[in-house]
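Quick notes on the structure that follows.
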Amino acid sequence: MTEKTQSIHGQWSSRFAFILAATGSAVGLGNIWKFPYITGENGGGAFVMVYLLCIAVLGIPIMIAEITLGRRGRQSPINTMQTLSEESGVDPRWQYVGWAGMIAGFLILAYYSVIAGWSMAYIVKAFFGNFINSDAEEIQRLFENLMANPVQQIFWHTAFMMATMYFVMQGVQGGLEKAVRFLMPALFVILILLVGYAMSTGAYEQGMNFLFNPDFSKIDADAVLTAMGHAFFTLSLGMGAIMAYGSYLPNHVSIAKTTFFIAGADTVVALLAGIAIFPLVFANNLEASAGPGLIFQTLPLAFGHMSGGWLFGLLFFILLFFAALSSSISLIEPAVAWLVENKNIERHQACVWSGAACWALGVGVVFSFNIWADLKLFDKNLFELLDYLTANLMLPLGGMAIAVFAGWMMKTQHAEQELELPAEGFQAWRFLIKYVSPAAVFLVFLHVLGVL
Ligand code: PHE
């Protein structure tokens with residue numbers, strides 16, 4: 001492509017900067033907090049296999065599609081979808097994909113911030129040595145006390161939301177681009193250390209067996225849906241985050257290569273987290289299906305007993321906080337970019353408004369862990385409802401729509417121009433995005449609805 005396009009919000013300083021930001025978006029609570037606990041709830045190996053398969057056949061092609069659309073549209077996802085549908089001569093209502101994504105990001109951030117707040121609370125606990133020599137029961141009590149305390153959770157949720165807004169205000173080349181450069185590798189090193197500790201627990205093999213030995217009788221249609229939804233969640237797909245980031249990507253950066261790196265790094269981090277956690281679960285006779293508290297009830301045990309555990313525990317929760325932060329800013333970026341483009345307001349104002357609304361919903365999520373725990377709709381409290389609605393429904397549907405748009409609506413030659421792939425590579429992507437990805441999502445939904 002010859003003409004140079006650029007977003008009004010700025011541009012990443014380099015390909016590396018984009019890789020950092022997009023990896024920062026992908027690697028977050030999804031990998032370290034969510035992947036282990038949903039794997040535990042869904043019986044292990046078979047669930048992990050389905051998840052990995054979804055990363056390969058849905059995650060990678062759809063991430064390529066999202067970055068491609070973003071870079072070609074060069075605007076917030078809503079306006080990108082509108083511009084590209086005009087350019088392709090198709091129904092302008094495709095912009096609703098952008099709308100749905102913006103809403104999904106908003107709903108996710110409301111609970112994401114609460115969980116990130118827990119990791120902030122744990123920074124303080126680590127600092128005061130609360131894990132040292134504690135047994136499983138004491139560690140569990142620590143977590144239960146936090147759950148029972150809405151004031152404390154709201155405090156940390158507020159702090160996290162403010163940190164997110166602060167970084168979103170800085171725009172794309174702000175401090176985070178620099179911070180992620182050191183934090184990601186550091187997180188990786190700590191996870192390796194934790195895996196080392198897990199090997200010494202005596203239940204390492206049992207943990208590995210649980211994670212990688214598939215027993216397909218343990219999963220049902222809903223587990224398959226959860227695994228698929230998580231593939232979207234963990235790669236930040238289906239809601240426009242990666243599309244928004246792609247819109248700041250310089251021309252002529254290889255989208256496919258970049259995608260492989262991001263998806264690879266994301267998957268490795270999730271698997272390392274799983275490998276570090278499950279041996280601890282079995283060595284201490286804990287429940288694999290403990291739910292959202294799983295990492296908070298297991299990893300402190302490792303920190304409490306390993307040498308250097310005080311320091312590593314402190315570092316781990318600090319890094320988890322930053323990993324969450326680099327994801328949360330991408331959850332709200334589509335909304336902020338859209339407000340700036342369409343409502344003619346300043347970036348910082350857009351941040352304040354969207355952040356405040358998200359915060360309010362998050363307070364409801366805090367209550368769903370204590371005073372509103374029994375307030376249920378479809379047998380789910382507010383946290384579970386938001387999680388199911390976004391990760392299991394909105395993201396896969398959004399991803400499917402993006403696949404259909406990139407595969408069927410966008411002109412082949414436009415996609416070719418953006419991707420600049422060798423012919424076979426392009427054909428392979430095209431086949432996946434046109435047929436395999438949309439069909440896979442569709443079939444999983446039919447299965448869940450009991451039609452299949
Ligand atoms: N991918 C992030 C994580 O794994 C969460 C996220 C989802 C971020 C969707 C942006 C968009 O924690």
Side-chain angles (χ1 to χ4, degrees), residues 19-39 51 54-55 58-60 62-63 66-67 70 76-77 97-98 100-119 160 164 167-168 176 180 183-184 187 191 226-247 259 262-274 292 295 319-337 354 358 386-399 402:
I19 292 190
L20 286 174
T23 311
S25 167
V27 175
L29 296 174
N31 308 61
I32 294 170
W33 160 74
K34 194 172 179 191
F35 171 72
Y37 100 73
I38 56 177
T39 298
Y51 154 76
C54 289
I55 295 284
L58 296 168
I60 290 174
I62 292 178
M63 183 177 283
E66 263 201 48
I67 302 174
S76 66
V97 175
M102 185 171 95
I103 295 166
F106 189 81
L107 298 177
I108 294 173
L109 185 55
Y111 69 83
Y112 204 85
S113 169
V114 173
I115 313 294
W118 299 354
S119 66
F160 184 80
T164 301
F167 278 104
V168 181
L176 214 85
V180 175
L183 299 168
M184 284 293 148
L187 183 65
L191 282 172
T226 305
M228 176 176 81
H230 187 64
F232 285 98
F233 185 90
T234 192
L235 292 177
S236 309
L237 297 177
M239 52 68 69
I242 291 294
M243 198 187 291
Y245 276 13
S247 75
T259 297
I262 301 166
D266 187 82
T267 307
V268 169
V269 171
L271 294 178
L272 283 177
I295 65 160
L319 292 169
L320 185 59
F321 159 71
F322 277 106
L325 192 61
S326 61
S327 301
S328 66
I329 57 173
S330 70
L331 281 162
I332 200 80
E333 179 64 27
V336 170
S354 44
C358 235
L386 285 176
D387 178 44
Y388 195 91
L389 178 69
T390 53
N392 291 14
L393 304 179
M394 295 180 85
L395 300 187
L397 287 174
I402 287 165

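Along the sequence shown, residues carry numbers from 1. Any value given below was found using the heavy atoms of this structure, including those in side chains, with hydrogens, waters and symmetry copies removed. Counting starts at 1 for both ligands and their atoms, following the listed order.
Sorted by first then second residue, the salt bridge (charged side-chain N to carboxylate O under 4.0 Å, His left out) pairs that include residues 231-244, not counting sequence neighbours, number zero.
Per-residue contacts place Met239 under 4.0 angstrom from the following atoms of ligand 1 (heavy atoms of the residue considered): 11 (C). Close contacts between ligand 1 and Leu29 involve ligand atoms 12 (O) [criterion: under 4.0 Å to a heavy atom].
Of the N and O atoms on the side chains of Ser236 and Ser25, at least one donor lies less than 3.5 Å from an acceptor on the other residue.
Protein heavy atom in closest approach to atom 11 (C) of ligand 1: Leu331 CD2, 3.3 Å. Considering only non-hydrogen protein atoms, atom 2 (C) of ligand 1 sits nearest to Ser25 O, 3.2 Å. For atom 4 (O) of ligand 1, the closest heavy atom belonging to the protein is Ala26 O, 2.9 Å.
With ring centers used as reference points, Phe160 lies 6.0 Å or more from Tyr112.
Closest to atom 9 (C) of ligand 1 by heavy atom, among Ser236, Ser330, Gly101, is Ser236. Nearest-residue assignment for atom 12 (O) of ligand 1 (options Phe35, Tyr112, Trp33; heavy-atom criterion): Tyr112. The heavy atom nearest to atom 1 (N) of ligand 1, out of those in Phe233, Phe232, Tyr245, is found in Phe233.
Glu66 places a side-chain N or O within 3.5 Å of a backbone atom of Gly238 that can act as its donor or acceptor partner. Using a distance-only test at 3.5 Å, with no hydrogens or angles considered, a donor-acceptor pair links the side chain of Thr23 to the main chain of Ile19. In this structure, Asn31 contributes its side chain and Asp266 its backbone to a donor-acceptor pair below 3.5 Å.
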